[in-house]
Amino acid sequence: MPLLELLPSYFGGWRAWATALAVVVLSLLLLRRPRGTAVVLATWPNLLGLYAQAILSASKPKTGKAKPSKAIQVSLARPVHFSPARLRGYLGLAGFADGTAGAVPLLYPVVEGFRLAIQCMVLPAFPFSVLGSVLGRARVLALRRVGAEERLLYSCRVDPAFRATAKGDTELDLVLEAHAAAPSAGGAPPGAGPGGSTLVWRCIFTNIIINPKRPRGGKEPAGPSAAAPAAPASPKVVATWQLGMDTGRRYGLLNGDLNPIHLYPATSALFGFKRPIAHALYLTGRAEASLRSAGLELRYPCVLSAEFKRPTLLPARLHCAWQAVDAPGALDPAADPAAALASPAGAGFAVLTEDLAKPVLVGAVCCHADAVREALAGKA
């Protein structure tokens with residue numbers, strides 16, 4: 001038989017074998033899928049396995065009534081070191097050009113531990129499809145400086161107290177924590193965590209499960225929420241960023257969040273975005289780098305909070321700026337970052353669109369005792 005006649009059957013057979021192999025691999029990954037509501041992993045979850053589970057979870061409800069669910073927790077069985085390659089990649093991508101003097105940035109443990117958050121949301125016990133959520137806000141608590149050589153014990157849990165929003169969506173919190181390994185002698189300190197370990201870092205992500213059936217458009221509800229917000233203080237730009245089309249892919253490869261909306265125009269278009277969008281937590285981490293370059297000197301314990309206002313389509317040009325918090329007695333962080341950091345409202349900042357007209361995110365960094373106590377109490 002002539003070679004040209006063999007080619008179609010050869011490649012047709014190859015495609016069939018490749019498809020069969022892919023089905024077998026995915027089936028094996030799903031057979032190893034963790035179950036239950038308290039999962040302990042020997043090592044970090046496999047990304048391919050996570051996304052196989054995410055595909056399977058796509059059939060779950062996109063939203064539902066806000067009601068308490070079973071508590072879900074995923075944790076590692078033993079402390080682990082930071083990945084040197086991942087840390088170097090993050091420092092370069094986020095703009096920490098001068099490093100961090102042997103410590104990790106406030107947002108860096110998110111990069112290491114976010115895979116546990118994904119695992120929580122793709123477990124059968126999680127009641128919603130992971131594809132139906134957006135990040136609304138985040139709060140990071142660092143109780144002390146965390147060295148780049150430390151070993152930390154990670155866990156992530158889903159707070160079972162779901163909340164209904166005024167728009168008919170559902171809010172829920174994921175709590176990612178890192179504990180220092182227990183000392184070899186001397187007993188566990190008060191408030192110690194698993195196995196006598198001590199909490200050193202926590203991030204609470206508030207996710208919003210969008211209700212696809214909620215009414216679109218129309219007037220906002222009457223009442224205080226309908227009032228026009230006060231004009232924010234004038235921002236003082238400290239850095240301008242040029243984000244490339246590949247920013248979402250590069251950050252996603254670091255933290256494991258390879259959601260299609262962050263990858264390519266063809267994949268983001270499936271979810272209504274004509275171009276990929278930047279990760280909100282990446283923008284927050286980049287803001288940390290810019291603010292520290294502009295004179296912010298962290299003091300511990302401290303809290304960094306951020307509220308996400310709108311998506312950023314890539315490529316994009318954004319500005320990072322000091323912007324006083326809209327609160328009584330708030331200090332101008334541009335005039336004195338140290339005084340603002342120590343004040344009850346904290347040192348306010350914002351990431352703004354290219355024309356400076358709209359905030360992409362707003363936040364604050366604070367080391368005041370009241371802010372630390374509130375974050376320790378687990379309030380998002």
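Just so you know, residue 1 is the first one in the sequence shown, and it goes up from there. The shown structure was predicted, so the numbers you read here are calculated from the model rather than taken from an experiment. Side-chain atoms are counted along with the backbone in the values below, which use heavy atoms only and exclude waters and symmetry mates.
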Looking only at heavy atoms, the pair that brings P105 and T100 closest together is CG-CG2, 4.0 Å
Main-chain N/O of G49 paired to Q53 side chain as donor or acceptor, under 3.5 Å: yes
Step by step, work out the side chain to side chain contact (heavy atoms under 4.5 Å, CB included) result for V351 and H319. CA-CA 6 Å; V351 174; H319 307 283; over 6 Å; no
Measure up the Y251 and Y90 rings against each other and bin them: parallel (under 30°), tilted (30 to 60°), perpendicular (over 60°). tilted
Provide the closest heavy-atom pair for F82 versus V104 in the form atom of the first, atom of the second, distance. CE1-CG1, 3.7 Å
Side chain to side chain contact (heavy atoms under 4.5 Å, CB included) for I204 and L174? Distances and angles first, verdict last. CA-CA 6 Å; I204 301 179; L174 288 97; over 6 Å; no
Test side chain to side chain contact (heavy atoms under 4.5 Å, CB included) applied to R292 and F96, step by step: CA-CA 9 Å; R292 291 173 74 162; F96 288 90; 4.2 Å; yes
Beyond-backbone contact of L376 with V372, side-chain heavy atoms, under 4.5 angstrom: yes
Looking at A117 and C156, what are the two nearest heavy atoms and their distance? CA-SG, 3.7 Å
Report yes if the side chains of Q119 and L50 come closer than 4.5 Å at any heavy-atom pair, otherwise no. yes
Side chain to side chain donor-acceptor pair (under 3.5 Å) evaluation trace for H179 with T198: CA-CA 5 Å; H179 287 75; T198 306; over 6 Å; no
Flag the pair L176 / W201 as yes when at least one side-chain heavy-atom distance between them is below 4.5 Å, and no otherwise. yes
Assigning hydrophobic clusters by single linkage (Ile, Leu, Val, Met, Phe, Trp, Tyr; side-chain heavy-atom cutoff under 4.5 Å), is L76 placed with L87? yes
Would you say R163 and T170 make side-chain contact, with heavy atoms under 4.5 Å? no
Heavy-atom pair of closest approach, residues A239 and S290: CB-OG, 3.5 Å
Closest heavy-atom contact between L153 and A77? CD1-C, 4.1 Å
Taking CD in E149 as the centre, count heavy atoms belonging to other residues, nucleotides or ligands within less than 6.0 Å. Is the count above 12? no
Could you give me the CA-CA distance, side-chain angles and deciding distance for E112 and S83, then say whether side chain to side chain contact (heavy atoms under 4.5 Å, CB included) is met? CA-CA 8 Å; E112 294 278 347; S83 161; 3.8 Å; yes
Would the distance check show the side chain of R202 and the main-chain N or O of L199 forming a donor-acceptor pair, the cut-off being under 3.5 Å? no
Test of understanding: clusters of I, L, V, M, F, W, Y form through side-chain heavy atoms closer than 4.5 Å, transitively. Do V74 and Y154 belong to the same one? yes
Are more than 12 heavy atoms from other residues, nucleotides or ligands located less than 6.0 Å from atom CZ of R310? yes
I'd like to know if L341 and V325 are part of one continuous hydrophobic network [Ile/Leu/Val/Met/Phe/Trp/Tyr, side-chain heavy atoms within less than 4.5 Å]. no
Main-chain N/O of K358 paired to T353 side chain as donor or acceptor, under 3.5 Å: yes
Salt bridge flag under 4.0 Å for residues R139 and E307: no
M121 reachable from F205 in the ILVMFWY side-chain graph, under 4.5 Å edges: yes
Residue pair R115 / G256: nearest heavy atoms and the distance that separates them: CG-CA, 4.5 Å
Between the main-chain N or O of L93 and the side-chain N or O of Y282, is there a donor-acceptor pair closer than 3.5 Å? yes
One should read off an interatomic distance between H262 NE2 and N259 CG, to the nearest 0.5 angstrom, of 5.0 Å
Roughly how far apart are H279 NE2 and N255 CG, rounded to 0.5 Å? 5.5 Å
Assess the pair F162 and F128: is the distance between their ring centroids shorter than 6.0 Å? yes
Quick one: CD on E288 to CG on L298, what's the gap to the nearest 0.5 Å? 6.0 Å
Do L352 and L243 belong to the same hydrophobic cluster, where Ile, Leu, Val, Met, Phe, Trp and Tyr are linked whenever their side-chain heavy atoms lie under 4.5 Å apart, directly or via other members? no
Quickly, which of I209, T206, D159 forms a side chain to side chain contact (heavy atoms under 4.5 Å, CB included) with L172? Name it, please. I209
Value rounded to 0.5 Å, distance of CZ in R157 from CD1 in I72: 13.0 Å
Sequence neighbours left out, what passes ring pair (Phe, Tyr, Trp, His ring centres under 6.0 Å) with W241? Give chain and number order. none
Tell me, please, which residues at least two apart from C366 pass side chain to side chain contact (heavy atoms under 4.5 Å, CB included). H368, A371
Non-hydrogen side-chain atoms of L263 and P276 separated by less than 4.5 Å: no
Check this for me: does any side-chain nitrogen of one of R249 and D246 sit under 4.0 Å from a carboxylate oxygen of the other? no
If you measure from the Lys or Arg side-chain nitrogens to the Asp or Glu carboxylate oxygens, is any gap between R144 and E150 under 4.0 Å? yes
Interatomic spacing from CG in L106 to OH in Y300 - rounded to 0.5 Å: 5.0 Å
Looking at side-chain heavy atoms only, is the closest gap between F349 and V362 below 4.5 Å? no
Flag side-chain contact, heavy atom, 4.5 Å: W44 against V80: yes
Distance (rounded to the nearest 0.5 Å) between I118 CD1 and L123 CG: 12.0 Å
Please answer whether the main-chain N or O of L254 pairs with a side-chain N or O of R86 as donor and acceptor at a distance below 3.5 Å. yes
Polar side-chain atom of R275 near backbone of P265 as donor-acceptor pair, under 3.5 Å: no
Taking side chain as C-beta onward, heavy atoms only, is V158 less than 4.5 Å from C120? yes
Is it true that K236 and D332 make a salt bridge, defined as a side-chain N closer than 4.0 Å to a carboxylate O? no
Backbone of F273 reached by a side-chain donor or acceptor of S268 within 3.5 Å: yes
